[in-house]
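Quick note on labels: first sequence line is chain A, next is B, and so on, each numbered from 1. Keep in mind that the numbers below use all heavy atoms, side chains included, and drop hydrogens, waters and symmetry copies.
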There are 2 protein chains.
Amino acid sequence: MADGTTTPGQRADAQRNRERLLDAARQVVAEEGTQASLRDVARRAGVGLGTLYRHFPTRDDLLEALLRVRFDELASLADALLDDDDPAERSLAAWLGAFTVGASAARGLPASLMATLGDPDSALHASCLSMREAAGRLLRAAQDTGRIRPDVDGTDLFALVNALGWITDQAPSIAARREHLLTLVMDGLAGPGTGQAR
Amino acid sequence: MADGTTTPGQRADAQRNRERLLDAARQVVAEEGTQASLRDVARRAGVGLGTLYRHFPTRDDLLEALLRVRFDELASLADALLDDDDPAERSLAAWLGAFTVGASAARGLPASLMATLGDPDSALHASCLSMREAAGRLLRAAQDTGRIRPDVDGTDLFALVNALGWITDQAPSIAARREHLLTLVMDGLAGPGTGQAR
DNA sequence: ACCTGAACACCGTTCAAGT
DNA sequence: ACCTGAACACCGTTCAAGT
């Protein structure tokens, strides 16, 4: 059972460098987003640039190490919501809310997530895909109740919620309306209305 | 009446260089998106890098020269739709469709549009703002009929449609579902449904 | 094994020097 | 007036050289 925080393979300064890199990356990504300068990460970690590449051959490898925990949490949240007693469309809304909050943890994250889904070789691919699938199960449960339109799938849903996460990052005035825009999209997921607004 | 295609101020090779730059920029932006390398543009135009900066001090100045015509067309389309005999919400849907098609003309365009709205000094600011305002008038007309929810404004609408344009650029599989996602958002704009999907 | 930093091929932006 | 390209300060990525 690897716990993810230590890699007991070969040790020494390597283990310490890895942790320094992750600490630095956490800071830099929080400040600059997923497109942050890798040189900056190495610099802030007090480590040679080659060392960063040795530990994380790819930007996505680094992001994966930073983000997998959150992704897994979101996936299990979806499964937990699936089992609770709330109406399915409320569970779905709750999950989407949690996701959009997490998506704005780092600028550029929605773009990274979408790119990762299209690249099976990305280190982020697997966890991102399983997160989307967990959301898909929630969606299907809500569709079974007949209160969510049947002509959307998990891909549509994930696309929409990432689009929302993206737009929310483009301007503070829009970030302030995140909840509002989310309910609007949720209403769209519910299907055509009566035609009477409000 | 400046027609935008010629700048009769001082001429000579300057005028020709300007046109070469625009031609090159059209190509490069079409291929690489709004974040295309400016060096590449100068190179393809067969012009020194400094010449590009002299004609277009800013990336947005260059984009403005490329895109203003389309923006203006979209703005007048909105006004034309406002005056036709179609139901207001159909006019709104038609405009949103036209916008999203135009928005996928160049990768990165939705991001440029959103950035531009927040920066009054951007060369794109004015035309982008007036486009949003034209859309806002369409929106209000549709709201007056009572078939579009009253608690959205032009900023929300523009944000949503740009979010759609962005997500559409992230994966071909999603681009294929653009119409579908647009109707979904339109349904959201119509307000809460009956609760019965479909 | 692991670390380091120079090296390479790119950027955007500025500006002295030319015509 | 206008054009040019070197110069500067950055990138990402690789890899020879060190321990």
Side-chain angles (χ1 to χ4, degrees), chain A residues 6-25 27-29 31-66 107-108 111-112 115-116 119 121-124, chain B residues 6-25 27-29 31-66 107-108 111-112 115-116 119 121-124:
Chain A
T6 57
T7 310
Q10 278 78 313
R11 298 181 59 272
D13 44 354
Q15 184 59 233
R16 207 192 38 173
N17 279 340
R18 197 185 133 87
E19 272 155 30
R20 284 188 179 183
L21 280 165
L22 284 174
D23 282 345
Q27 288 178 40
V28 178
V29 167
E31 291 167 15
E32 310 285 337
T34 59
Q35 294 310 309
S37 159
L38 296 179
R39 256 190 166 82
D40 230 43
V41 172
R43 215 143 38 202
R44 202 157 336 177
V47 142
L49 190 45
T51 304
L52 183 150
Y53 276 93
R54 162 169 270 266
H55 285 277
F56 306 103
T58 270
R59 168 173 248 114
D60 278 3
D61 286 301
L62 182 55
L63 291 176
E64 200 265 352
L66 288 184
R107 241 162 37 203
S112 296
T116 243
D119 175 16
D121 294 337
S122 161
L124 277 167
Chain B
T6 56
T7 310
Q10 277 79 312
R11 298 180 60 270
D13 44 353
Q15 184 60 234
R16 208 192 37 173
N17 279 340
R18 198 186 132 88
E19 272 154 30
R20 283 187 178 183
L21 281 165
L22 285 173
D23 283 344
Q27 288 177 40
V28 177
V29 166
E31 290 167 17
E32 310 285 337
T34 59
Q35 294 309 309
S37 159
L38 296 179
R39 256 190 165 81
D40 231 42
V41 172
R43 215 144 38 202
R44 204 161 329 180
V47 141
L49 191 47
T51 304
L52 184 151
Y53 275 93
R54 164 169 268 266
H55 285 277
F56 306 103
T58 270
R59 167 173 249 114
D60 278 3
D61 286 301
L62 182 55
L63 290 176
E64 199 265 352
L66 289 184
R107 242 163 36 207
S112 296
T116 243
D119 175 16
D121 293 336
S122 161
L124 277 167

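Distance, Phe56(A) CZ to dC3(C) P: 11 Å, rounded to whole Å. One can place CD of Gln35(A) at 19 Å from P of dC10(D), the figure rounded to the nearest angstrom. Rounded to an integer number of Å, the gap from Leu49(B) CG to dC15(C) P is 14 Å. Residue Leu52(B) contributes atom CG, which lies 13 Å from atom P of dC11(C) at whole-angstrom precision. Nucleotide dT14(D) holds its P atom 13 Å from the CZ atom of Arg39(A), rounded to whole Å. The CG atom of Asn17(A) sits 11 Å away from the P atom of dC2(C) (whole-angstrom rounding). Going from atom CG of Leu21(A) over to atom P of dC2(C) covers 14 Å, rounded to whole Å. Here the P atom of nucleotide dT4(C) and the CZ atom of Arg43(A) are 14 Å apart, to the nearest Å.
Minimum atom distance to the side chain of Ala14(B) is reached by dC2(D), of the listed dC2(D), dT13(D), dT4(C). Here dT14(C) is the nucleotide among dC11(C), dT14(C), dC3(C) with the atom lying nearest to any side-chain atom of Tyr53(B). Closest contact between the side chain of Asp13(B) and the listed nucleotides dT13(D), dC3(C), dC3(D) involves dC3(D). Of all nucleotides listed (dT13(C), dC11(C), dA7(C)), dC11(C) comes nearest to the side chain of Asp40(B). Of the listed nucleotides (dT13(D), dT13(C), dT4(C)), dT4(C) has the atom at the smallest distance from the side chain of Thr51(A). Closest to the side chain of Val47(B), out of dT13(D), dT4(D), dC3(D), is dT4(D). You'll find that the side chain of Arg54(B) is closest to dC3(D), out of dC11(D), dG12(C), dC3(D).
Asp40(B) and Arg43(B) are joined by a salt bridge, as a carboxylate oxygen and a charged side-chain nitrogen come within less than 4.0 angstrom of each other.
Using a 4.0 Å heavy-atom cutoff across all strands shown, Arg20(A) reaches no nucleic acid atom at all. Among the heavy atoms of the strands lying under 4.0 Å from Ala36(B) are primed sugar atoms or P, OP1, OP2 only; no base atom is included. Leu38(B) comes within 4.0 angstrom of sugar-phosphate atoms only, judged by non-hydrogen atoms across all strands, and of no base.
OP1 or OP2 of dC3(D) has not a single side-chain nitrogen or oxygen of Arg18(B) nearer than 4.0 Å. For Ser37(A), no side-chain nitrogen or oxygen approaches OP1 or OP2 of dC10(D) to under 4.0 Å. At the phosphate of dC3(D), OP1 or OP2 sits under 4.0 Å from a side-chain N or O atom of His55(B).
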- [ ] Please lay out, stage by stage, how Gln35(A) and Arg59(A) fare under the test side chain to side chain contact (heavy atoms under 4.5 Å, CB included).
- [x] CA-CA 9 Å; Gln35(A) 294 310 309; Arg59(A) 168 173 248 114; 4.2 Å; yes

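Across all strands shown, the partner of dC8(C) is dG12(D), judged by Watson-Crick or G-U wobble contacts whose two distances both fall under 3.5 Å. Remark: dC2(D) base-pairs with dG18(C); criterion is Watson-Crick or G-U wobble with both hydrogen-bond distances under 3.5 Å.
A distance of 7.0 Å separates CG in Leu62(A) from CG in Leu38(A), rounded to the nearest 0.5 Å. A distance of 5.0 Å separates CG in Leu21(B) from CG in Leu52(B), rounded to the nearest 0.5 Å.
Using modelled atom types, one finds no donor on one side chain facing an acceptor on the other under 3.5 Å when comparing Thr51(B) with Asn17(B).
Of all heavy-atom pairs between Ser37(A) and Val28(A), the closest is O-CG1, 4.4 Å.
For dG12(D), the base has no donor-acceptor partner in the side chain of Arg59(A) [N/O atoms by modelled type, under 3.5 angstrom].
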